[in-house]
Amino acid sequence: MVVSPPPTISRSSPRRFAWGVSTSSYQIEGAANQDGRGPSIWDTYCRQAGRIANGDTGEVACDHYHRYPEDVGLMRRLGVTAYRFSVAWPRVLPKGRGAVNEAGLAFYDRLIDALIEAGIEPWLCLYHWDLPQALDDLGGWTDRDCAMWFADYAALIARRYGDRVKRFATFNEPSVFTLFGYCLGGQAPGIADHALLLRAMHHVNLAHGAAVDVLRANVPKASLGIIHNRQPCLPASDAPRDVAAARRFDAYWNGAFPDPQLLACYPPGLADAIAPYQQPGDLARICRPIDWFGLNHYSPIYAKADAGNPLGAGFGDVPAGVPRTSMGWPVEPHAFRDTLLDIHRRYRLPIYVLENGTATDDKIDPSGEVADPRRIDFLQAYTAAMFEAIQAGADVRGYFIWSLLDNFEWGSGYGPRFGIVYVDYPTQRRIPKASFHWYARLIEASELASVEPDAHDAGPAAPAAGARRS
Ligand code: FCB
């Protein structure tokens, strides 16, 4: 088994640090029709012919709903101090609002208690894309009222778990689920309409602000953030039209959510388009003080001009010679370092890397083990890039691998394997991969691991206006 040594960590690195793993409800829980869970837009989308590779669905997934004790046991073995998961909104509110499903709430009680018992801090994300179908039937994120439905759901979660959970993220990757779900295609609810995209974006921003207020009011000592997928948008060529396309794509992908949430403005290039959906006072409703910036990063994006795309920009080719993962995503760790520094300078908040990892073509070998040297190389290069960013001044306070388990990778179904634990889907057997052991050694060797993360991120000395809790 090839296991590279962990990167060295400088003594001058910051000491508070959370080492973790991440998952999401629809991708691992299964039990889609059990104990009163209502349908989500992903249940509906998966049933539509041709949407998901191989006709896969999240109906069973990793059966985490029943096997969570084993999964928490794996995390304990791994040595992580934090676990990020999401609550399935339709599991606790089957119709999205109104009647509560006690059995669904009790599942997360059991999970949270098991984590705390294992010495692992729960990081709860309210929304990882599984909108209740009943709300989508009313317009979902294209309806301004959805922000209030979300705030009511946030209040339920805050009151139920706020005695034990302090780390809350409002959304996972708002730019990704709005762009692909409402305009570009490829994700639930499968709408392709630029005007509806703009509405959905603004309403998700309003929902974020409303939920932050609700969480702050209901959870003593809450530590609040949101998780953004941030990738440098680079032009696929030097042609001026590609350079302009990259700038436009960047506004939608990287700016549309963090800028209004943390700087109280939409990025130029998007502000005029969003204006018709705004009401007086909206930016103040959206820009509520939060405690940290959650970053998901996998690669840069190469954008090109594309007249047929409603954004006028689309995905270009990755330059020849750049290595790629089995998803076709470019492997460029320096872009990760630059992204961390860029976020640090622009938003002046503590940063938690809440997703980073890669899909590799993993197989069980004849001895029953799973060797994944390409994942280890990837993680080694990316954690080294993170340490460079920390040494250059970025206030990075945690790193979470995507993902603990192989799982349902949205439109790609169960083909791509992102886990550091292999899941043999027919038997649901879990096999820690070589990268699991590599990560355990990294955590053990790290000076950053020895200090428990502080529930109250102190933040930098000079915060940007609106970017910090007052
Ligand atoms: C991110 C998603 C996560 C997973 C990884 C590979 O964009 O947040 O659910 O699919 O990509």
Side-chain angles (χ1 to χ4, degrees), residues 20-30 40-42 45-46 51-53 56-58 61-62 64 83-89 123-131 169-182 184-188 204 225-233 249 252-254 256-258 293-301 315 324-331 335-336 339 352-362 372 374-375 378-379 382 399-421 423 435:
V21 281
S22 294
T23 64
S24 88
S25 47
Y26 192 72
Q27 293 179 276
I28 65 164
E29 282 181 5
S40 78
I41 53 173
W42 273 92
Y45 189 75
C46 288
R51 295 291 204 191
I52 312 291
D56 290 342
T57 77
C62 306
H64 173 76
Y83 172 53
R84 170 196 154 203
F85 63 100
S86 71
V87 169
W89 186 350
W123 286 58
L124 189 158
C125 176
L126 288 171
Y127 189 86
H128 201 124
W129 307 356
D130 39 4
L131 181 72
T170 54
F171 285 91
N172 175 68
E173 297 190 352
S175 66
V176 173
F177 79 79
T178 53
L179 271 171
F180 290 108
Y182 293 89
L184 301 180
Q187 292 200 3
V204 168
I226 178 164
I227 307 160
H228 294 296
N229 182 307
R230 209 167 161 99
Q231 319 200 7
C233 287
F249 211 81
Y252 281 85
W253 192 285
N254 290 319
F257 294 92
F293 188 111
L295 169 68
N296 293 354
H297 178 90
Y298 290 89
S299 64
I301 289 172
F315 291 95
R324 287 189 267 163
T325 72
S326 65
M327 300 291 283
W329 300 348
V331 180
F336 182 38
T339 298
Y352 288 92
V353 178
L354 292 176
E355 283 185 28
N356 178 240
T358 184
T360 52
D361 189 17
D362 305 325
D372 55 346
R374 293 190 65 189
R375 175 172 292 99
F378 180 99
L379 294 173
Y382 274 73
Y399 176 85
F400 293 50
I401 287 181
W402 183 271
S403 181
L404 173 68
L405 303 169
D406 292 336
N407 60 49
F408 175 78
E409 178 48 31
W410 309 113
S412 307
Y414 293 99
R417 290 183 175 273
F418 272 92
I420 55 172
V421 174
V423 178
S435 56

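Side chains are part of it too, since the values below use all heavy atoms of this structure and drop only hydrogens, waters and symmetry mates. First listed ligand is number 1; within each ligand, the first listed atom is number 1.
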Note to self: Is it true that Thr339 and Arg230 share a donor-acceptor pair across their side chains at a distance under 3.5 Å?
What the structure shows: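 Absent: no donor and acceptor within the cut-off.
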
Run the numbers for me: atoms of ligand 1, each under 4.0 Å from some heavy atom of [X], listed by number.
X      : answer
Gln27  : 3 (C), 4 (C), 9 (O), 10 (O)
Trp410 : 3 (C), 4 (C), 9 (O), 10 (O)
Asn172 : 8 (O)
Phe418 : 6 (C)

Got the closest protein heavy atom to [atom], with its distance?
atom                    : result
atom 10 (O) of ligand 1 : Glu409 OE1, 2.7 Å
atom 5 (C) of ligand 1  : Tyr298 OH, 3.3 Å
atom 7 (O) of ligand 1  : Glu173 OE1, 2.6 Å

N or O contact, [X] vs ligand 1, cut-off under 3.5 Å:
X      : value
Trp129 : no
Trp329 : no
Ser24  : no

Classify the angle between the aromatic ring planes of [X] and [Y] as parallel (below 30°), tilted (30 to 60°) or perpendicular (above 60°).
X      : Y      : result
His228 : Phe293 : tilted
Phe171 : Phe177 : parallel
Trp42  : Trp410 : tilted

Centre-to-centre under 6.0 Å for Tyr352 and Phe400, is that the case here?
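No, too far apart.
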
- Query: Counting distance only, does the side-chain N/O of Trp129 pair as donor-acceptor with the main-chain N or O of Asn172 below 3.5 Å?
  - Reply: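 Here the side-chain-to-backbone pair exists.
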
Quiz item: With no hydrogens and no angle check, is any side-chain donor or acceptor of Thr57 less than 3.5 Å from a backbone partner on Cys46?
Solution: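 No, because the side chain of Thr57 does not come within donor-acceptor range (under 3.5 Å) of the backbone of Cys46.
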
**Message:** Please classify the Val176 to ligand 1 contact at 4.0 Å (heavy-atom distances, strictly less than): side chain, backbone, both or neither.
**Reply:**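 Neither part.
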
